[in-house]
Novice: 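Take a look at this one; I'll ask things after.
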Amino acid sequence: MKEDDFKKSVDFIAGRLLPLYGYGRGNNSHCSVQYIGGEILTVPRMQLHNCVNYARDRLATVFDTVRDGVQSNLIGSEDRVVGLQTLFGHRIGTSVDTFGDQRKIAGDPEVYRHMLSKSRAALMRRRKTNPSAVFVLDAQGVKNAAAEADIAQESNYGLGFRPVFRGGRSVNAASIGELVETYVNVFDQWVLKKSIIIQPFFQLLASRLATRSGDSAQLFSEGGCPFQSKCGALSLNLEPNGDLYICQDMADSDQFCLGNAVRGEFKEGIWESLCRRSEHLTSECQSCPYRRECEGGCMSEAIHRTGDPYGRTDLCPVWKSLFSRIDEVIDTHGCDKLRGWLYDLDGASRD
């Protein structure tokens, strides 16, 4: 996206859409901006700085707090990689694939891994930054998930597991049974044993503890995707051509485009219907004992499975199995012990 188009888009979002969403200064209003998709290191340095700083300043007129971060493959020159830390601080994430062949440079996964390792080493050496990482659980990934968790523990970085995004494309997806087994087994290897945050385990254990303890609020501020039903009111994705969607997954799947920020267009009726998801979840979701924590799962996944944004995601059995195992752990160890351990993890991640 050209710099002028980016600024025009931010102005449209801040001036037209955020007031429509009901956002404004006061009551500790907060905005989180994530630069994801593609590779941000390909954006010219000055253009990137100008755009990021413009968004910070413009959104600060609407929110009390604006916090941004970036997801990058970290494939670039050392100076460009370290420059991301200068711009975003420690709010950098990346992806890992230590054993598979999904990520390649010049057709070679080892070249990719070598360059990523060099970049991570440079960030540690020059900025004491150790980016958290996402690991994708496809048919190959489920076999390596436990090993990736061990490597993250040894290297002391946070890790997130994510089922492969289908997005309408042909992908080598893991079966639901394989995902159930992987999530439950790796959760068991993590809980009360490792000293790093692994998502979604941290988020789901914290939210389940809040419910089991009778707390009205979450233990930690982290939460959200893919466990929220109010995405329409809480999330907005801006594409390079100015198109607007609820999130990146819905953009990649071309699900319910909301308009175009460059042209100043917004389809308010579609947006309002997506905002009503929490009121129209399936009866099975409404009566589920994990309704508060899951909130119906990912809307994009539900659309892929049913064609309906109010539908039920095909990952429902995965999350139910994980929640069931979380309840067993709470019954065994008690809320206080687990809550204290989570606070220790959270504190260590901020040091």
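Residue numbers run from 1 in the order of the sequence given.
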Novice: Let me confirm one number: the CG-CE distance from Leu258 to Met250, rounded to the nearest 0.5 Å.
Specialist: 7.5 Å

Novice: May I ask you to decide if Phe266's main-chain N or O and Arg16's side chain share a donor-acceptor pair within less than 3.5 Å?
Specialist: no

Novice: If I compare all heavy atoms of Tyr35 with all of Phe6, which pair ends up nearest, and what's the gap?
Specialist: OH-CZ, 4.0 Å

Novice: Quick one: SG on Cys225 to CD on Gln199, what's the gap to the nearest 0.5 Å?
Specialist: 11.5 Å

Novice: With a 4.0 Å cut-off on N to O distance, would you call Asp331 and Arg212 a salt bridge?
Specialist: yes

Novice: Taking C-beta and beyond as the side chain, do Pro163 and Leu315 meet within less than 4.5 Å on heavy atoms?
Specialist: yes

Novice: Looking at Arg126 and Asp79, is any side-chain nitrogen of the basic one under 4.0 Å from a carboxylate oxygen of the acidic one?
Specialist: yes

Novice: Test Phe12 against every option in Val262, Leu244, Asn260 by the side chain to side chain contact (heavy atoms under 4.5 Å, CB included) rule and name the one that passes.
Specialist: Leu244

Novice: Kindly check if the number of other-residue, nucleotide or ligand heavy atoms within 6.0 Å of CZ (Arg67) is above 12?
Specialist: no

Novice: Dump the intermediate steps for side-chain hydrogen bond (donor to acceptor under 3.5 Å, both in side chains) on Ser207 and Glu293, then the final yes or no.
Specialist: CA-CA 6 Å; Ser207 61; Glu293 298 84 6; 5.4 Å; no

Novice: Once rounded to the nearest 0.5 Å, what's the spacing between atom CG of Leu84 and atom CZ of Arg127?
Specialist: 11.0 Å

Novice: Count the heavy atoms belonging to other residues, nucleotides or ligands that lie under 6.0 Å from NZ of Lys143, then report whether that count exceeds 12.
Specialist: no

Novice: Tell me whether Lys8 is salt-bridged to Asp4, with the criterion being a basic N under 4.0 Å from an acidic carboxylate O.
Specialist: no

Novice: Verify, without hydrogens or angle tests, whether Gln153 (side chain) and Trp190 (backbone) share a donor-acceptor contact under 3.5 angstrom.
Specialist: no

Novice: Do the side chains of Arg113 and Glu110 get nearer than 4.5 Å, heavy atoms only?
Specialist: yes

Novice: Roughly how far, to the nearest 0.5 Å, is the CH2 atom of Trp319 from the SG atom of Cys298?
Specialist: 10.0 Å

Novice: Could you tell me whether the side chain of Thr98 reaches within less than 4.5 Å of the side chain of Glu148, counting heavy atoms only?
Specialist: yes

Novice: Checking the side chain of Thr65 only, and the main-chain atoms of His30 only, is there a donor and an acceptor separated by less than 3.5 Å?
Specialist: no

Novice: Could you check whether atom NZ of Lys230 has more than 12 heavy atoms from other residues, nucleotides or ligands sitting under 6.0 Å from it?
Specialist: no

Novice: Taking all atoms of both residues into account, what is the closest heavy-atom pair of Ala14 and Leu59, and its distance?
Specialist: CB-CD2, 4.3 Å

Novice: More than 12 non-hydrogen atoms from neighbouring residues, nucleotides or ligands closer than 6.0 Å to NE2 on His114, yes or no?
Specialist: no

Novice: Can you find a heavy atom in the side chain of Val318 that is under 4.5 Å from one in the side chain of Thr313?
Specialist: no

Novice: I'd like to know whether Lys7 forms a salt bridge (charged side-chain N to carboxylate O under 4.0 Å, His left out) with Asp11, so could you lay out the CA-CA distance, the side-chain angles of the two residues, the decisive distance to 0.1 Å, and finally the verdict.
Specialist: CA-CA 6 Å; Lys7 293 178 178 178; Asp11 285 340; over 6 Å; no

Novice: Under 3.5 Å, side chain of Arg162 to main-chain N/O of Val134, donor-acceptor pair present?
Specialist: no

Novice: Do Val329 and Leu205 come close enough that some side-chain heavy atom pair is under 4.5 Å?
Specialist: no

Novice: Which is it for Tyr112 and Asp101 under the side-chain hydrogen bond (donor to acceptor under 3.5 Å, both in side chains) test, yes or no, and what are the steps along the way?
Specialist: CA-CA 10 Å; Tyr112 170 85; Asp101 58 5; over 6 Å; no

Novice: Any side-chain heavy atom of Thr306 within less than 4.5 Å of one from Arg312?
Specialist: no

Novice: Can you confirm whether Asn73 sits close enough to Leu116 that some side-chain heavy atom of one is under 4.5 Å from a side-chain heavy atom of the other?
Specialist: no

Novice: Under a 3.5 Å distance rule, please check whether Asp68 uses its side chain to pair with a backbone N or O of Val33 as donor and acceptor.
Specialist: no

Novice: Hey, any chance Tyr157 and Met124 share a hydrophobic cluster, counting ILVMFWY side chains that come within less than 4.5 Å of each other, even indirectly?
Specialist: no

Novice: Quick one: does Asn130's side chain have a donor or acceptor within less than 3.5 Å of a partner on Asn156's backbone?
Specialist: yes

Novice: Between Arg292 and Thr211, do the side chains contain an N or O donor and an N or O acceptor separated by less than 3.5 Å?
Specialist: yes

Novice: Please name the residue in the list Leu74, Leu123, Val81 that meets the side chain to side chain contact (heavy atoms under 4.5 Å, CB included) test with Thr94.
Specialist: Leu74

Novice: Between Thr332 (side chain only) and Glu328 (backbone N and O only), is there a donor and an acceptor less than 3.5 Å apart?
Specialist: yes

Novice: Is the closest side-chain heavy-atom distance between Gln248 and Gln71 below 4.5 Å?
Specialist: no

Novice: Charged N to carboxylate O below 4.0 Å: is that the case for Arg339 and Asp336?
Specialist: yes

